[in-house]
Number of protein chains: 2
Amino acid sequence: MKMTIKEVAKEAGVSISTVSRVLNGRDRVSRHTINRVRAVIEKLQFQPDFVARTMIMKKTSTIGLIVPQLSNEYWALMSEVIQDALWMRGYTTLICSTDNEPDKDEAYLKMCLERRMDGVIYCSSPYCGPEARDGLDAIKEAGVPLVSLDPNIAGVSCVVGDHLQGTLTAVEHLIRAGYARIAYIGGPAVSIEREFGYRKALMMHGYRVDEGLIRLVKGQSFADGHEGLRALRSSGLAFDALFCGNDLLAFGAIKAMEEAGIRVPEDVAVVGYDDIFSARLFKPALTTVRQPIPDIGEELVQLLLASLETEPERRTVRKIVLPTELIVRESSGAALRQGAEARR
Amino acid sequence: MKMTIKEVAKEAGVSISTVSRVLNGRDRVSRHTINRVRAVIEKLQFQPDFVARTMIMKKTSTIGLIVPQLSNEYWALMSEVIQDALWMRGYTTLICSTDNEPDKDEAYLKMCLERRMDGVIYCSSPYCGPEARDGLDAIKEAGVPLVSLDPNIAGVSCVVGDHLQGTLTAVEHLIRAGYARIAYIGGPAVSIEREFGYRKALMMHGYRVDEGLIRLVKGQSFADGHEGLRALRSSGLAFDALFCGNDLLAFGAIKAMEEAGIRVPEDVAVVGYDDIFSARLFKPALTTVRQPIPDIGEELVQLLLASLETEPERRTVRKIVLPTELIVRESSGAALRQGAEARR
DNA sequence: CTGAAAGCGCTAACAT
DNA sequence: ATGTTAGCGCTTTCAG
């Protein structure tokens, strides 16, 4: 039976405002009344209607989280971390997986507005074309706090890994190990900073950037990496190392190499990015750049909540860059070239 | 600016009821009025308030989905599939990851009720103790449609893979390949049917079930599998094959074997369960039982929606069992024993 | 076909 | 300290 505050009031012999008061701990209510009302609430198993409450308070206590793909380990973990951080602070997270479809992206953004999310954490942008910009603008205009994982959205606070530095470290790791022809597989679906870092590292070390060794693919999945490597090979250019925009791309590329009889790391050294769980399970264990997912999630939430407690006019735009860490394993051939054992 | 139906009515020179009518396509409204109202809505960028609407209609168009762990590939994919299926039918999915904590499980269940979810898809039960039962009962009592992935909740419809058959097939695959001492790692976190299937297969083929070869662990993760295998080894009993309750457990167990210098499949053949994406990436590629995740998700959604359209009294309890499929790869040593190439 | 009015269940002034 | 009343933004009778 769906109880309402009215029935509680009647049963307890008080007015509905009094019930509302004990419910919210507002104003002063006599100890005695409080107890009586509490007892009735308990007895009637009354639960205030969240929707009605929401309508008045204009606060859904819900945050929209938009990620490109839940079935991608990286996003699944990120979602979990964010949901936890939000839950501990009394918020519910509405996780939306766009499956990299701009239409869905736009639709979910719209839904966030329609359903009056208190805030939105947008992690899908690398893939978004101008369509999503509209959705994001609508959210900003409505004064709904918005934070992102992408540093390229004007006027939106973000938390990001230090990809430039991370990539630099990764590529320098290869250079130091003696590799000279380092290819890159990335694309719009992974942070553009990674491509820049790759170029920067080469240039800093006096290498010429060979555009033929750079392969931009559409997605960020295993299949994209696989395809990217095939395209790379069909170009006929030789390479002895490969840096990939994320771990999944690296897995796909390595798979494609295996199929072609190319050994990793003996023939080609490979470094990925993200350090998803599978990276250490993979064979060869993947050398990769670890992103501090828990920290990123936590900071994202803090940023959003801070924004939530500030009037739209005085909100500041923050860009928080978190350090990344190179995790050296087998795929980069460290053991081969330096005789050192790959760790972790 | 937050527009309301009132301002639209004023601007269009009609009553709010008329606006409401064109909004919902209810009743008959003159072509002319419709157009005028539509124009104003467009001009004012009016969007009806979902919350207010929800309060009246008593329908949130939101379904709660409770899974044990989003960062587990299996659940991430299942969540994605379900969210998609629901989205296409006009529902939003509130995905909740309990992280295998009974408290969170209970809290999320309560939240589903409080937030007036139209229905709940519960996928967390294998781990739930009696606590979650209370939450589930509350949901049932409230008349909220509920479906599950667990066949062991009385009075709740469910969709499950045919684990008994799947397991049977998997174990028989090992038996036929000539393995005689087959161990099992599973536990409360994976469907109990898998343990039964294991026992059944052994018995059917005239093998004695050696309780010492059965290792029940608490969780369903890589770490649990790793620990399970160590426990198995410390028992001192010999085994030449291992069947694991899921793929992650298998990965963990294989890792532990590697560390102990045991080769897979040469020394011990391994079969997992689920066929998560990593299973084919793993080395050795994992022989496993594939669950039809997309089908399960789709059926779950259909079952729920059917229930949604039926008054509580006439709802029927259905148990839908979907076939599973053995995917033979390298880890079970098929190539070794039969000279056949492991496929896919 | 359209408008007026009555709520949905709750909170928040405003009274007492 | 507690009751009364006015909405929140919308849908839905019930009258024209």
Side-chain angles (χ1 to χ4, degrees), chain A residues 1-41 44-62 90 113-118 142-144, chain B residues 1-41 44-62 90 113-118 142-144:
Chain A
M1 259 344 40
K2 195 52 220 328
M3 286 298 153
T4 78
I5 200 176
K6 232 168 175 169
E7 347 219 32
V8 175
K10 195 165 70 183
E11 180 76 15
V14 296
S15 73
I16 59 167
S17 18
T18 299
V19 177
S20 174
R21 282 183 185 106
V22 344
L23 236 34
N24 301 287
R26 287 259 217 302
D27 303 340
R28 297 233 52 79
V29 182
S30 78
R31 246 322 338 116
H32 177 246
T33 318
I34 291 186
N35 292 147
R36 195 145 38 89
V37 172
R38 288 243 174 90
V40 174
I41 287 177
L44 263 43
Q45 296 254 56
F46 168 75
Q47 255 200 325
D49 185 326
F50 189 81
V51 178
R53 195 175 237 172
T54 290
M55 175 148 92
I56 301 176
M57 315 256 246
K58 279 148 181 26
K59 186 175 191 302
T60 55
S61 295
T62 308
L113 211 52
E114 191 179 304
R115 299 214 168 194
R116 305 267 178 283
M117 298 290 100
D118 288 344
V144 177
Chain B
M1 249 1 20
K2 196 48 222 328
M3 286 298 153
T4 78
I5 200 176
K6 234 170 176 169
E7 348 220 28
V8 174
K10 195 165 69 183
E11 180 76 13
V14 295
S15 73
I16 61 167
S17 10
T18 299
V19 177
S20 173
R21 283 185 185 105
V22 345
L23 236 35
N24 301 286
R26 286 261 215 301
D27 302 340
R28 298 234 53 80
V29 181
S30 78
R31 235 352 310 125
H32 178 246
T33 317
I34 290 187
N35 292 147
R36 195 145 38 90
V37 173
R38 287 244 173 89
V40 174
I41 287 177
L44 264 43
Q45 296 253 56
F46 168 75
Q47 255 200 325
D49 186 325
F50 190 82
V51 177
R53 199 172 232 174
T54 290
M55 176 148 92
I56 301 175
M57 315 257 244
K58 283 158 179 17
K59 184 173 191 307
T60 55
S61 295
T62 308
L113 211 52
E114 192 180 304
R115 299 214 168 195
R116 305 266 179 282
M117 297 292 100
D118 288 344
V144 177

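Atoms considered below: every heavy atom in the structure, side chains included; atoms not considered: hydrogens, waters and symmetry mates. To find a chain, count down the sequence lines: A is the first, B the second, and so on, and within it residues start at 1.
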Chemist: Within less than 4.0 Å of OP1 or OP2 of dG9(D), is there a side-chain N or O belonging to Thr4(B)?
Modeler: no
Chemist: Does Val14(A) reach a base, just sugar-phosphate, or nothing at all? Heavy atoms under 4.0 Å.
Modeler: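 Sugar-phosphate contact only - Val14(A) comes under 4.0 Å of backbone atoms but never of a base.
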Chemist: Working to the nearest 0.5 angstrom, can you tell me the gap between Leu23(B) CG and Ile16(B) CD1?
Modeler: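 It comes to 11.5 Å.
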Chemist: Output one line per pair: protein atom, nucleotide atom from nucleotides 4-7 of chain C, and distance, for all N/O pairs under 3.5 Å.
Modeler:
| from | atom 1 | to | atom 2 | distance (Å) |
| --- | --- | --- | --- | --- |
| dA4(C) | N7 | Ser17(B) | OG | 3.4 |
| dA4(C) | N6 | Ser17(B) | OG | 3.0 |

Chemist: May I ask you to test the Thr54(A)-Arg115(B) pair for a side-chain heavy-atom distance under 4.5 Å?
Modeler: no
Chemist: Could you tell me the separation between the NZ atom of Lys10(A) and the P atom of dC10(C), rounded to a whole number of Å?
Modeler: 14 Å
Chemist: So which one's nearest nucleotide on DNA chain C is more toward 5', Ser30(B) or Lys58(B)?
Modeler: Ser30(B)
Chemist: To the nearest angstrom, how far is Asn24(B) atom CG from dT13(D) atom P?
Modeler: 12 Å
Chemist: For a quick test of reading the model: is some side-chain N or O of Thr18(B) closer than 4.0 Å to OP1 or OP2 of dC1(C)?
Modeler: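 It does not, given that no N or O in the side chain of Thr18(B) lies less than 4.0 Å from OP1 or OP2 of dC1(C).
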Chemist: How close or far is atom C1' of dG9(D) from atom CZ of Phe46(B), stated in whole angstroms?
Modeler: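 So the two atoms are 8 Å apart, to the nearest Å.
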Chemist: With a 4.0 Å limit, can you tell me whether Arg53(B) has a side-chain N or O closer than that to the phosphate oxygens OP1/OP2 of dC10(D)?
Modeler: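 Arg53(B) to dC10(D) OP1/OP2: no side-chain N or O under 4.0 Å.
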Chemist: In residues 25-32 of chain A, what donor-acceptor pairs under 3.5 Å come from side-chain atoms, sequence neighbours left out?
Modeler:
| from | atom 1 | to | atom 2 | distance (Å) |
| --- | --- | --- | --- | --- |
| Asp27(A) | OD2 | Arg21(A) | NE | 2.9 |
| Ser30(A) | OG | Thr33(A) | N | 3.1 |
| Ser30(A) | OG | Thr33(A) | OG1 | 2.5 |

Chemist: Between dA1(D) atom C1' and Asp27(A) atom CG, what is the distance in whole Å?
Modeler: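 Taking atom C1' of dA1(D) as the reference, CG of Asp27(A) is at 9 Å.
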Chemist: Rounded to the nearest Å, what distance is computed from the CZ atom of residue Arg36(A) to the C1' atom of nucleotide dA1(D)?
Modeler: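 After rounding, the gap between these two atoms is 12 Å.
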Chemist: With Ser15(B), which residues qualify under side-chain contact (heavy atoms from CB on, under 4.5 Å), at least two apart?
Modeler: Ser17(B), Thr18(B)
Chemist: Expressed as a whole number of angstroms, how long is the span from Met55(A):CE to dC8(C):C1'?
Modeler: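 The distance from CE of Met55(A) to C1' of dC8(C) comes to 7 Å, rounded to the nearest Å.
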Chemist: Val19(A) or Thr33(B): which one's nearest nucleotide on DNA chain C is closer to the 5' end?
Modeler: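 Residue closer to the 5' terminus by nearest nucleotide: Thr33(B).
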Chemist: Who are the salt bridge (Lys or Arg N to Asp or Glu O under 4.0 Å) partners of Arg53(A), not counting sequence neighbours?
Modeler: none
Chemist: Taking all non-hydrogen atoms of both residues, which atom of Val144(B) and which atom of Met117(B) are closest, and how far apart?
Modeler: CG1-O, 3.7 Å
Chemist: Using atom CD1 of Ile5(B) as one end and atom C1' of dT2(C) as the other, report the distance to the nearest whole Å.
Modeler: 14 Å
Chemist: For residues 5-12 of chain B, run the donor-acceptor check on the side chains, cut-off 3.5 Å, and write out each pair with its distance to 0.1 Å, sequence neighbours left out.
Modeler:
| from | atom 1 | to | atom 2 | distance (Å) |
| --- | --- | --- | --- | --- |
| Glu7(B) | OE2 | Thr4(B) | N | 3.4 |
| Glu11(B) | OE2 | Lys43(B) | NZ | 2.5 |

Chemist: Is the phosphate of dT11(D), meaning OP1 or OP2, less than 4.0 Å from a side-chain N or O of Arg26(B)?
Modeler: no
Chemist: Rounded to whole Å, how long is the line connecting atom CE of Met3(B) with atom P of dG9(D)?
Modeler: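 It works out to 12 Å between those atoms.
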Chemist: OP1 or OP2 of dT12(D) less than 4.0 angstrom from a side-chain nitrogen or oxygen of Ser20(B), does that happen here?
Modeler: no
Chemist: Using a heavy-atom cut-off of under 4.0 Å over every strand shown, decide if Thr54(A) touches base, sugar-phosphate, or nothing.
Modeler: nothing
Chemist: Would you compute the distance between atom CE of Met55(A) and atom CZ of Phe50(B) and round it to the nearest 0.5 angstrom?
Modeler: 13.5 Å
Chemist: Taking all heavy atoms of Gln47(B) and all of Arg116(A), pick out the closest pair and write down the distance.
Modeler: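 Result for this residue pair: O-NH2, 4.1 Å.
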Chemist: Between the two end axes of the helix from dC1(C)-dG16(D) to dT16(C)-dA1(D), each built from 5 base pairs, what angle do you get to the nearest 10°?
Modeler: 40°
